[in-house]
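Following: one structure in structure tokens, then a few remarks.
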Amino acid sequence: MDCFRLHKKRANKDPLFLTGVTFPSEYHASPETLVKLTVYDAKDKNQESSSFLGSATFSVGELLRAKDERLTLSLRSSDGACAAGTVVVSRLKMGEMEEVDVDHITTDVPSHKCPLVCESASHAGIDRENNPLTGPVFKNPICKVYRFQTEDSKWMQVREQMEECTLSFSVPKQLLSLYIQEDMSRVQDLRELGELSPHWDNLRKEVMTRYGGIISSYQETFAELDKITGRSFKPSCCKAQKSLEFIPINLHTQRMRVTCPKKTDAFYDVVTVGAPAAHFQGFKCGGLQRLLSRYEAEKKSFSTAYQCIYYSPQHTAKAQEVLSTMSLLQPLIAGLADQLLQAAQEHSCPGLRDALKNLSDKTEQFVHTLKDELVKSALLALHAARPGYVSKSQKQNPAQGGQHQGHVLQGSDQNPSPAQGLPGHSPATSITDNAAVCNNVEGSQSTTRGEGGPLKHQDSIPHHKEYDEEEWDRVWANVAKCLNCVIAMVDKLLEEDNSKQESVPEQQLADVIISHNPGTWREQLCAPVTKLKECVMEVVEKARRGMTFVLLQEAACSIPQGFFLQQRRDVVFSQALAALACGFVMRLYAGMQDQGFLRQLHLVGLVAQFESLLSTYSEEIGMLEDMEVGISDLQRVLFQITEAQTDDFRDLQPLVFGRRDHFTVEVPLPRLVFQNLPAEIKEGKPLRVFPVLFNVGINEQQTIAERFGDISLQERINQRNFETLESYYKSLTETVPLECLPSFRTQTDVKELLETLGQNVVTKKRKNVEILWIAGTICRRLNGIRFTSCKSAKDRTSMSVTLEQCALLRDEHQLSKDFFIRALDCMRSRLTQGDVGQWEDPEAGGPTDNKPASRHFYPIALLLVSSHLLVVWLILSLVFLLAKYQ
């Protein structure tokens with residue numbers, strides 16, 4: 001083991017230096033194991049120059065046999081001639097607590113003592129990589145252990161552990177695969193729309209080409225990510241790398257474990273991650289929030305240019321929801337129908353009742369989903385987009401012959417070219433007629449204007465008189481009629497069975513059941529059940545075409561901006577979901593023995609509080625706008641806990657399913673752990689997460705923004721998310737007893753904290769970090785998941801995390817006031833005593849050699865002073881330039 005002694009400008013007469021070493025779990029130390037200590041004198045911690053002082057050797061057995069398990073060794077020079085000092089080696093058991101004073105270590109400041117006990121980049125303490133609840137997700141732990149004095153002169157032990165998360169890469173790769181599948185399915189749906197007029201066919205080809213470009217790009221990115229092995233996080237120096245744009249920046253977990261005498265250990269978790277943003281695409285035109293607002297405003301004019309019908313974001317979301325619901329319910333209904341027939345085959349009355357109940361519930365849900373005006377209007381628009389479409393007024397023209405006036409056009413899937421059935425009709429007739437333009441939007445708009453005044457684009461869903469508008473109602477109503485027939489048949493069979501059992505003597509009942517033909521029930525049910533499945537398939541085909549046509553129009557009038565925004569949104573959401581999945585798994589593992597937490601989890605869900613330290617100045621505005629949309633999109637995510645097939649680590653990796661409008665993250669647990677969960681969770685109940693985002697800029701750029709810029713974005717984000725947090729707390733208190741929530745030493749009521757947070761949100765105050773403090777406190781009191789972010793999850797993030805940890809030690813564990821600043825300085829500096837026990841550098845991907853510590857920060861007061869100096873410098877520079885050019 002190599003040790004470094006830091007040279008001091010103000011050297012004490014007898015300086016002491018402390019370092020620690022932990023034997024890795026895979027290294028089996030024995031009493032015969034020899035340990036060699038080599039000590040160097042580092043003249044300058046920022047340079048690599050150092051001089052050899054001496055070395056000493058001892059065996060583990062000698063240490064164990066020594067009095068008080070402590071050895072005093074003399075350092076010898078390389079030739080063994082002279083002594084260069086002494087080294088005291090003592091044994092420390094991880095987790096051991098002592099209530100007596102211990103030796104302290106002198107630092108650069110006279111009489112300042114740093115309580116660092118042990119520092120290690122190995123598997124210290126808990127062997128997490130071999131733990132079935134942590135190994136699959138968390139790896140490469142880096143640990144620090146401290147001892148701090150409490151107010152009652154006792155000693156607490158604090159263990160700080162940072163880990164990487166494998167979900168940094170696995171979740172984005174799964175999302176990319178789902179994106180590719182969804183877009184390929186969309187292309188296939190566009191092909192299956194059938195024959196369209198030349199105008200719509202050209203738009204379809206252009207949209208399919210765009211989708212093809214996205215699919216190709218995502219496939220290339222997926223292939224590049226598949227080549228990466230070993231790495232579990234993306235360093236900030238790679239944030240603008242295209243092949244890694246879906247990967248979150250510096251995603252790590254941080255756990256502080258506090259052990260106090262005669263008290264239960266306490267854990268405090270936080271996830272640190274760079275702000276989810278599209279760094280590769282840049283922020284020249286702003287972030288997602290601004291780009292989406294501008295895009296929605298401009299899309300209305302695009303719809304006119306492309307001769308499309310403008311569908312609002314609500315219409316588009318509804319179309320995606322209908323497609324998603326149909327894809328889920330249609331195979332489910334078919335499977336339940338087969339179960340019903342199987343129960344009839346077995347002549348099982350209970351099985352028949354259960355299968356019928358499930359079939360009825362899912363079919364009613366299916367019918368309710370399709371009972372929407374958007375589906376009907378989309379089918380009308382699709383009918384008008386068919387080639388050779390002729391309006392009813394043309395068919396009733398005397399020149400066409402009165403014998404065909406009663407003809408009714410059928411649905412587009414039954415007659416792709418309805419005009420071909422009209423004698424005397426030619427394609428040229430419909431093309432020259434303004435009412436029968438290929439897309440027919442202009443004709444429908446002109447008709448409506450004549451009847452009811454000017455027509456707005458957002459209200460331009462067509463209602464063509466020449467189309468049988470009642471057809472769609474009849475189609476989906478047939479599903480309900482078929483279901484009623486099935487129900488009536490089942491009731492009839494059960495009634496007949498009951499009457500036979502009542503009329504037959506008990507001694508003959510067994511003979512009757514044996515002689516009963518088991519195929520009778522199935523034969524009677526087969527016809528109505530088959531008809532139900534056919535009607536469901538017909539409805540699905542019609543509705544899929546209609547909703548695909550809605551999405552075609554939405555995509556056509558947004559070329560190319562809409563596709564760029566979709567890609568940007570995919571990138572941001574991928575980073576946000578990876579962080580959320582990491583936090584959820586970490587919180588779940590920590591709360592497996594907490595029945596109150598598990599009850600809250602399945603009854604209400606968890607709050608996920610994202611703390612952002614981005615400024616509202618320059619490109620960080622774009623990052624914050626990206627982050628706002630990405631965090632908001634997490635509302636579409638549900639979690640589900642499943643039982644793993646085996647205890648192999650590969651079977652314990654979380655899996656992602658779904659499509660862009662709805663994703664589900666499955667978290668497998670080992671069988672023994674899964675069996676102890678509440679029944680609702682084991683049955684697969686979806687678990688909700690409520691994401692909230694609070695942002696307060698703290699750097700010099702935020703000072704400029706507050707004095708000369710605009711901070712309305714930050715104010716709006718905080719106000720909106722405060723309302724979400726308040727709504728969650730109201731729902732929680734109405735559903736879960738307060739006994740389920742964790743208890744803290746500080747007895748401030750959550751309701752009072754919410755009121756204080758609301759006041760701070762609306763208060764005009766510069767760098768109001770109270771918002772972040774109170775929001776974080778509320779999150780911990782509500783069993784929530786804590787996230788801290790800045791641009792790259794380094795300087796500002798580490799400053800916030802370490803300050804919060806020391807505040808928790810002070811408020812919850814009675815940290816002595818004299819030790820607060822010492823603890824803060826110790827946590828913020830890796831180079832506590834001459835670069836001992838070097839941490840892995842997340843930015844460099846390897847051990848650091850006398851590099852500046854990314855956890856050593858300037859005090860807040862110095863930040864404020866420097867911000868004022870920056871403003872003064874800007875003003876003086878402006879005055880100088882004006883004087884120079886005058």
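Along the sequence shown, the residues carry numbers beginning at 1.
Classified by interplanar angle (parallel below 30°, tilted 30° to 60°, perpendicular above 60°), the ring pair Phe563/Tyr211 is perpendicular. Ring geometry, Phe246 versus Tyr218: the interplanar angle exceeds 60°, so the pair is classed perpendicular (tilted spans 30 to 60°).
With contacts defined as side-chain heavy-atom distances shorter than 4.5 Å, the pair Val536/Leu329 does not qualify. Using a 4.5 Å heavy-atom cutoff, the side chains of Leu638 and Val665 are not in contact. In this structure, Cys285 and Leu291 have side chains that are in contact, with non-hydrogen atoms separated by less than 4.5 Å. Side-chain atoms of Arg191 and Val187, non-hydrogen and from C-beta on, do get closer than 4.5 Å to each other. Residues Gln181 and Ser177 are in side-chain contact: their nearest non-hydrogen atoms beyond the backbone lie under 4.5 Å apart. With contacts defined as side-chain heavy-atom distances shorter than 4.5 Å, the pair Leu552/Leu190 qualifies. A 4.5 Å side-chain heavy-atom check between Trp200 and Leu193 finds every atom pair outside the cut-off. Put simply, the side chain of Leu341 reaches to within 4.5 Å of the side chain of Leu525, judged on heavy atoms.
Although no hydrogens or angles enter the test, the distance criterion places a donor-acceptor pair under 3.5 Å between the side chain of Ser293 and the main chain of Gln289. Of the possible polar contacts, one joining the Gln575 side chain to the Ala277 backbone as a donor-acceptor pair under 3.5 Å is found. Using a distance-only test at 3.5 Å, with no hydrogens or angles considered, a donor-acceptor pair links the side chain of Thr530 to the main chain of Cys526.
Taking CG of Leu725 as the reference point, atom CZ of Arg720 lies at 15.0 Å (rounded to 0.5 Å). To the nearest 0.5 angstrom, Ile333 atom CD1 is 8.5 Å from Gln365 atom CD. Remark: Leu203 CG to Glu206 CD distance equals 6.5 Å, nearest 0.5 Å.
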Step-by-step side-chain contact (heavy atoms from CB on, under 4.5 Å) determination, Phe610 to Val692: CA-CA 6 Å; Phe610 289 81; Val692 292; over 6 Å; no

Test log, rule salt bridge (Lys or Arg N to Asp or Glu O under 4.0 Å), inputs Glu538 and Lys542: CA-CA 6 Å; Glu538 181 184 7; Lys542 284 182 174 291; 5.0 Å; no

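In this view, Arg660 and Asp183, Asp570 satisfy the side-chain hydrogen bond (donor to acceptor under 3.5 Å, both in side chains) rule, not counting sequence neighbours. Remark: Tyr729 pairs with no residue by the side-chain hydrogen bond (donor to acceptor under 3.5 Å, both in side chains) rule, at least two apart or across chains.
No more than 12 heavy atoms of other residues, nucleotides or ligands lie within 6.0 Å of NZ in Lys531, so this atom counts as exposed by the packing criterion. No more than 12 heavy-atom neighbours from other residues, nucleotides or ligands sit within 6.0 angstrom of NZ on Lys362.
Of the charged side-chain nitrogens involved, at least one lies within less than 4.0 Å of a carboxylate oxygen, so that Arg290 and Glu625 count as a salt-bridged pair. Under 4.0 Å is where a charged nitrogen must lie from a carboxylate oxygen, and between Arg544 and Glu541 at least one such pair does. A salt bridge links Arg186 with Glu182: at least one charged nitrogen is closer than 4.0 Å to a carboxylate oxygen. Salt-bridge annotation for Asp189 and Arg545: absent, with no side-chain N of the basic residue lying under 4.0 Å from a carboxylate O of the acidic one. Checked for salt-bridge contact, Arg636 and Asp633 meet the test: a charged N lies under 4.0 Å from a carboxylate O.
Side-chain contact, Gln188 with Glu192: a donor N or O sits under 3.5 Å from an acceptor N or O.
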